[in-house]
Protein chains: 2
Amino acid sequence: MNKEITIYDIAKVVGLSPTTVSRALSNHPRVKENTREKILNTAKNMGYQSNIFASSLRKKRSKSIGVIIPKLNSPFQSSVLAGMEEIATQAGYNLIISQSTESLEKEVSNANTMFNSRVDGLLVSKAGTTDNIEHFAPFFKKQIPVLFFDRVPEDNNCTGVVINNTQAIYDATSHLIKEGCKRIVHVLGNLKINVYSDRLKGYKYALLDHGLAFKEENVITNDLGEESGDRIVEKILKLKPRPDGLLVSNDACAASCLMALKKKK
Amino acid sequence: MNKEITIYDIAKVVGLSPTTVSRALSNHPRVKENTREKILNTAKNMGYQSNIFASSLRKKRSKSIGVIIPKLNSPFQSSVLAGMEEIATQAGYNLIISQSTESLEKEVSNANTMFNSRVDGLLVSKAGTTDNIEHFAPFFKKQIPVLFFDRVPEDNNCTGVVINNTQAIYDATSHLIKEGCKRIVHVLGNLKINVYSDRLKGYKYALLDHGLAFKEENVITNDLGEESGDRIVEKILKLKPRPDGLLVSNDACAASCLMALKKKK
DNA sequence: TTGAAAGCGGTACCAG
DNA sequence: CTGGTACCGCTTTCAA
């Protein structure tokens, strides 16, 4: 059984104190260049591996950041994740990830796990049905930074990063209108989610600014899936007069709608 | 400054030893039901949060699993990740993820980070260019389980999980042949990667079994991107006689090829 | 069923 | 620039 090498072992070998070894290993400035090199070398030779548990225990920091997102296998979320990973790694942080699968219950459980894992910070994109955020209270209380992104809570005390969803859909709608569309159907998800309610605003504003009337029946909500194309197209085809434009708030769903429409032809 | 509550604080309050408190909190069987309940209650009331650093230090286990994949924002990889997360969470493990972005250098660095984070196990899908695996040696030496998936090393001493790539492409090729294709172009990635070399085998076998000749010029390798459609189509159109079937080993690239082909029409 | 005490392996504080 | 030592908070013997 090969025992772990500790700084004490190194200290004995180089004839210095554990303190100095510790300092050398963490690049503390007040160690003679010579000494540090000797320590670093013997550490390498002895196959030393720093014990992050002991270090974290003492320093009370985990050097890890928690991430809670609705779905890992979402093109958007996973590309955001890729960016997070890059920056976190650069800064010497680990990323601990979990998904809520759009369930509040799981989000609560994930938040608890993250808290118990003592992450130094938390990045969250809410589950669709989450309308309270008291499961993050322990973080707030302990002053652990919580940053929401994309799907942010209504609560104004929370820090969040979002794109300008309203403007984006305003632009998209305006584009369709300029292309000659008069009856644009807008398909979006749960309006409890800021992402979709903001987009709906953009849609409405664009209609208004171009002198088109907003009609409730042209908005289809709460059904954004990779397989919901058929259902959506069904609804659209029932509308009279028939719509001449379609704006879908989700790539996969848009593709599904396209396929469904092709079938109908 | 609110100090952390420890098992000692709880012990004092309930008038028992830290040992018993520890046992109660970790559901050790040899604690009287009464005692345990009392401890659990006061723990909750006092706002106790177990210190996972101390626990890990003592138990020498992190209850976390490392994951290294080429790209986080890949539909395939992220859906695998979703499955891993589900199971890991169920089992009380955290997932620490990182991406190599197809670079050996980063993969090495990620492996080191994971090792230093003392993950209890490691899940790896290799970067394309990785042809040695000595950066995982510390894991092997310390008997930390390393499981490769999808992109596995050649080394037979490694445990790996793969789909039957050969059979899959054999079936796909056979399908095209049955549809009447005689000159099928196969587009795939770096042949150093098992995924692609296995698929190439399947392609060859299928041609053989259906009495078609294999031609080197019908295989396009090393260019699988979301934007490589134009280049690939360029190559295809130069072939004489013109191919009548196309088999692309990657969804995004296949879509890109379709678009490029449409433009050419 | 419960307890005392010795670690786990670093880091921080206070000296020198 | 270097060292002694207490301590972070939990778990694990060994003992009762």
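Keep in mind that the numbers below use all heavy atoms, side chains included, and drop hydrogens, waters and symmetry copies. Per chain, numbering begins at 1; letters A, B, ... match sequence-line order.
- The listed nucleotides are dG4(D), dC10(D), dG9(D); the one nearest the side chain of Leu57(A) is dG9(D).
- Partner Met84(A) forms a side-chain contact (heavy atoms from CB on, under 4.5 Å) with one of Ile97(A), Val67(A), Thr89(A) and no other, that one being Val67(A).
- Put simply, CG on Asn51(A) is 21 Å from P on dC7(D), counting in whole angstrom units.
- Here the range on DNA chain C touched by chain B, meaning any atom under 4.0 Å from one of its heavy atoms, is dT1(C) to dG9(C).
- The 12-atom threshold is exceeded at CD of Gln90(B), counting heavy atoms of other residues, nucleotides or ligands nearer than 6.0 Å.
- Contacts of Glu86(B) classified as salt bridge (Lys or Arg N to Asp or Glu O under 4.0 Å), with partners at least two apart in sequence or in another chain: none.
- For the pair Tyr8(A) and dT5(D), the criterion of a side-chain N or O lying under 4.0 Å from OP1 or OP2 is not met.
- Here the rule is side-chain contact (heavy atoms from CB on, under 4.5 Å) with Ser98(B), and of Asn110(B), Ile69(B), Leu72(B) only Asn110(B) fits it.
- Applying the ring-ring contact (aromatic ring centres under 6.0 Å, His included) test to pairs two or more places apart or on separate chains, those with a residue in residues 81-116 of chain B are Phe115(B)-Phe139(B).
- Within the nucleic acid shown, Ile52(A) has no heavy atom closer than 4.0 Å to any nucleic acid atom.
- The stretch residues 20-45 of chain B comes close to DNA chain D through Ser22(B), each having a heavy atom under 4.0 Å from the strand.
- Mapped onto DNA chain D by nearest heavy atom, Phe53(B) and Thr19(B) fall at different nucleotides, with Phe53(B) at the one closer to the 5' end.
- Under the ring-ring contact (aromatic ring centres under 6.0 Å, His included) criterion, Phe53(B) pairs with no residue at all, not counting sequence neighbours.
- For Lys63(B), the salt bridge (Lys or Arg N to Asp or Glu O under 4.0 Å) test picks out no residue, with sequence neighbours left out.
- With Ser55(A) contributing its side chain and Asn51(A) its backbone, the two residues share no donor-acceptor pair below 3.5 Å.
- A donor-acceptor contact under 3.5 Å is not formed by the side chain of Ser50(B) with the base of dG9(D).
- For Lys60(A) and dG9(D), the shortest distance from a side-chain N or O to OP1 or OP2 is below 4.0 Å.
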